[in-house]
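Sequence lines set the chain letters: A, B, ... in the order given, protein chains first and strands last, and positions in each chain run from 1.
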2 protein chains.
Amino acid sequence: MQSYTEENYLKTIYHLAEKTTNVQTNAIAEQMQTKPASVTDMIKKLAEKGLIDYVKYQGVTLTETGKNTAIDIVRKHRLWEVFLVDKLNFKWDEVHDVAEELEHIKSVELIERLDEFLGFPRTDPHGDPIPDKNRRFAKTQFIKLIELKTGESGTITGVSQHSSPFLKHLEKLGLTLGKQIQVSDVTDFDGSVEIRISDKQVNISREVAKHILISSNGKN
Amino acid sequence: MQSYTEENYLKTIYHLAEKTTNVQTNAIAEQMQTKPASVTDMIKKLAEKGLIDYVKYQGVTLTETGKNTAIDIVRKHRLWEVFLVDKLNFKWDEVHDVAEELEHIKSVELIERLDEFLGFPRTDPHGDPIPDKNRRFAKTQFIKLIELKTGESGTITGVSQHSSPFLKHLEKLGLTLGKQIQVSDVTDFDGSVEIRISDKQVNISREVAKHILISSNGKN
DNA sequence: AATAATTTTTAGATTTACCTAAAAATAAAA
DNA sequence: TTTTATTTTTAGGTAAATCTAAAAATTATT
Ligand SMILES: [Mn+2]
Ligand SMILES: [Mn+2]
Ligand SMILES: [Mn+2]
Ligand SMILES: [Mn+2]
């Protein structure tokens, strides 16, 4: 049985491992909003418990058990987010903090029934995949909007940034999940992207385009 | 902002104050499954924070703020129990432990939307009243089944014992909330109570009859 | 390869929520 | 009203999770 804090460390390590192979102390500290010294203390404990492999000064990797625990928390986080949006009518930019708390509720029965109640969703309100109870993720194939060339089109199926201001911005522009878009132009000057969406034209910055995930359906 | 533990202490004191005027250290310790010495430590802190009034050796009482906090937790506990039973199809004997955890999730918005989603229920799956967001309880008038005389009838509207074995027992006998019952006989020998419920006769012990709450509708 | 910069770990403290054992206060019984 | 029993508090300590400051290891730069 892990504490709330241990679970958060495992989840953080899991997410960092999706980006970099070798997860470093400082990266964990930044993500957890704590100090490197505290991270060292905690990773010693997690290693002691067999949840991570740790060699001094060499960063950490999750063991099988550690990874399973992390995936379970990710599953809970995302299922609760679906609940909040689908059932309680929260906006997609309002759910993260509450889900951070709900993900730690310990009851296998609860999460299985919640999953069923929600109709076994496979993605959360931000397009992130929800592992099933056997911890299997549905394969997803995203490309970043910024990578689309002029004329190419696709469907918005995710975001790689979950901050409230970013999500609100997208909402205002009508760039929500499931929307069909086509790149009509890429500005030479600043690299901003001109998009056609439901017969409107919107212009988004490179920075925004980097964080919108598209399931491509080729040229058009 | 209170910690998880502080909230549990406040809730415990609140419930004990429903029974006895002056809430004592030992009673709190027993309820919280901890030692009197630990309780003394905690009540000092709660008094420090202005959540309880405390005079050494004289027990404690909740302040206005303390009571409000406690009621908010009771409200959350009971709303989550309704969610678990009504939406996730848990049985009434399975919800308490999970609700113990869920009651500590901190989000006013969440609980208001949950309340609405559930249709503003006024009682939980055990018949206990759910305070509204202004902390007002609906007036409820219960009498214990044991107090009914032969021939009197009423509707089961609550239980004053929430243990799983007790609730399962009631379920097996068909003595669930909303059921209409009539006392057909009270055994002289052991004080057990003979009840008519949907044309069946069931016999329950004094102990069971003490913990079933009836909204009386007079003789019949 | 030596020096400098960065990253990581240790040392030593603090805070929260516990504990046991012993002392003090209150309540009950003789 | 003493004596006894019960309740409550203090004293002193532990474990979890954090911190700052300083030392050690690793990596990058000359
Ligand atoms: Mn989230
Ligand atoms: Mn999400
Ligand atoms: Mn309950
Ligand atoms: Mn209840």
Side-chain angles (χ1 to χ4, degrees), chain A residues 1-17 19-62 66 69-70 73 100-101 103-104 106, chain B residues 1-14 16-17 19-62 66 69-70 73 100-101 103-106:
Chain A
M1 191 95 302
Q2 286 80 226
S3 73
Y4 185 106
T5 310
E6 286 167 359
E7 289 187 349
N8 281 331
Y9 269 91
L10 292 173
K11 191 182 60 160
T12 293
I13 294 166
Y14 175 79
H15 285 311
L16 286 171
K19 309 245 156 186
T20 55
T21 29
N22 164 11
V23 178
Q24 316 194 101
T25 304
N26 275 1
I28 298 170
E30 188 187 15
Q31 196 65 33
M32 296 283 299
Q33 310 232 68
T34 186
K35 297 290 139 92
S38 306
V39 173
T40 301
D41 285 346
M42 181 55 85
I43 65 188
K44 277 180 189 166
K45 191 180 11 166
L46 294 174
E48 196 70 28
K49 290 192 172 187
L51 296 162
I52 58 178
D53 290 318
Y54 167 53
V55 182
K56 264 192 201 174
Y57 291 98
Q58 303 310 130
V60 299
T61 52
L62 292 170
T69 309
I73 298 160
E100 275 311 302
E101 292 191 54
E103 71 189 4
H104 300 289
K106 283 175 207 352
Chain B
M1 192 95 304
Q2 286 81 226
S3 73
Y4 187 106
T5 310
E6 286 168 359
E7 288 187 349
N8 281 331
Y9 269 90
L10 292 173
K11 191 182 60 161
T12 293
I13 294 166
Y14 175 80
L16 288 170
K19 310 243 155 188
T20 57
T21 30
N22 165 11
V23 179
Q24 315 194 103
T25 304
N26 275 0
I28 299 171
E30 189 186 14
Q31 197 64 34
M32 295 285 298
Q33 311 232 70
T34 185
K35 297 290 138 92
S38 306
V39 173
T40 302
D41 284 346
M42 181 56 86
I43 64 188
K44 277 180 187 166
K45 191 182 10 169
L46 294 174
E48 195 71 29
K49 291 193 174 187
L51 296 163
I52 58 177
D53 291 317
Y54 166 53
V55 182
K56 264 192 200 173
Y57 292 98
Q58 301 310 131
V60 300
T61 52
L62 292 170
T69 308
I73 298 160
E100 276 310 303
E101 291 190 55
E103 72 189 3
H104 300 289
I105 303 293
K106 284 177 207 355

Under 4.0 Å, counting only non-hydrogen atoms across every strand here, what does B:Tyr9 touch: a base, just sugar-phosphate, or nothing?
sugar-phosphate
Base, sugar-phosphate, or nothing: which does A:Tyr4 touch, judged by heavy atoms less than 4.0 Å apart?
nothing
Please determine if a side-chain N or O atom of [X] lies less than 4.0 Å away from the OP1 or OP2 oxygen of [N].
{"X": "A:Lys44", "N": "C:dT10", "result": "yes"}
{"X": "B:Gln24", "N": "D:dT8", "result": "yes"}
{"X": "B:Tyr54", "N": "D:dT8", "result": "no"}
{"X": "B:Thr25", "N": "D:dT9", "result": "yes"}

Using residues 32-43 of chain A as the side-chain source, report each donor-acceptor pair under 3.5 Å to any protein atom, sequence neighbours left out, with the distance given to one decimal.
from: A:Thr40; atom 1: OG1; to: A:Pro36; atom 2: O; distance (Å): 3.2

Rounded at 0.5 Å granularity, tell me how far [atom1] in [X] sits from [atom2] in [Y].
{"X": "B:Leu62", "Y": "B:Tyr14", "atom1": "CG", "atom2": "OH", "result": "9.0 Å"}
{"X": "A:Leu16", "Y": "A:Thr21", "atom1": "CG", "atom2": "OG1", "result": "11.5 Å"}
{"X": "A:Glu100", "Y": "B:Ile105", "atom1": "CD", "atom2": "CD1", "result": "11.0 Å"}
{"X": "A:Ile13", "Y": "A:Ile52", "atom1": "CD1", "atom2": "CD1", "result": "4.5 Å"}

Kindly give the heavy-atom pair with the smallest separation between B:Leu10 and B:Ala70, and that separation in Å.
O-CB, 3.8 Å
What is the distance, rounded to the nearest whole Å, between atom [atom1] of [X] and atom [atom2] of [N]?
{"X": "A:Asp41", "N": "D:dT20", "atom1": "CG", "atom2": "P", "answer": "13 Å"}
{"X": "B:Glu6", "N": "C:dT15", "atom1": "CD", "atom2": "C1'", "answer": "12 Å"}
{"X": "A:Ile43", "N": "C:dT7", "atom1": "CD1", "atom2": "P", "answer": "15 Å"}

Sequence neighbours excluded, the answer for salt bridge (Lys or Arg N to Asp or Glu O under 4.0 Å) partners of A:Lys44 is none
Can you run down the side-chain hydrogen bond (donor to acceptor under 3.5 Å, both in side chains) pairs that involve residues 47-59 of chain B, sequence neighbours left out, and say none if there aren't any?
B:Glu6-B:Lys49
Near DNA chain C, counting only heavy atoms under 4.0 Å, which residues of residues 26-40 of chain B show up?
B:Thr34, B:Lys35, B:Ala37, B:Ser38
By side chain to side chain donor-acceptor pair (under 3.5 Å), A:Glu7 pairs with (sequence neighbours left out) A:His104, A:Lys106
Quick test: give all pairs of protein nitrogen or oxygen and nucleotides 23-26 of chain D nitrogen or oxygen below 3.5 Å, distance rounded to 0.1 Å.
from: D:dA25; atom 1: O4'; to: A:Tyr57; atom 2: OH; distance (Å): 3.2

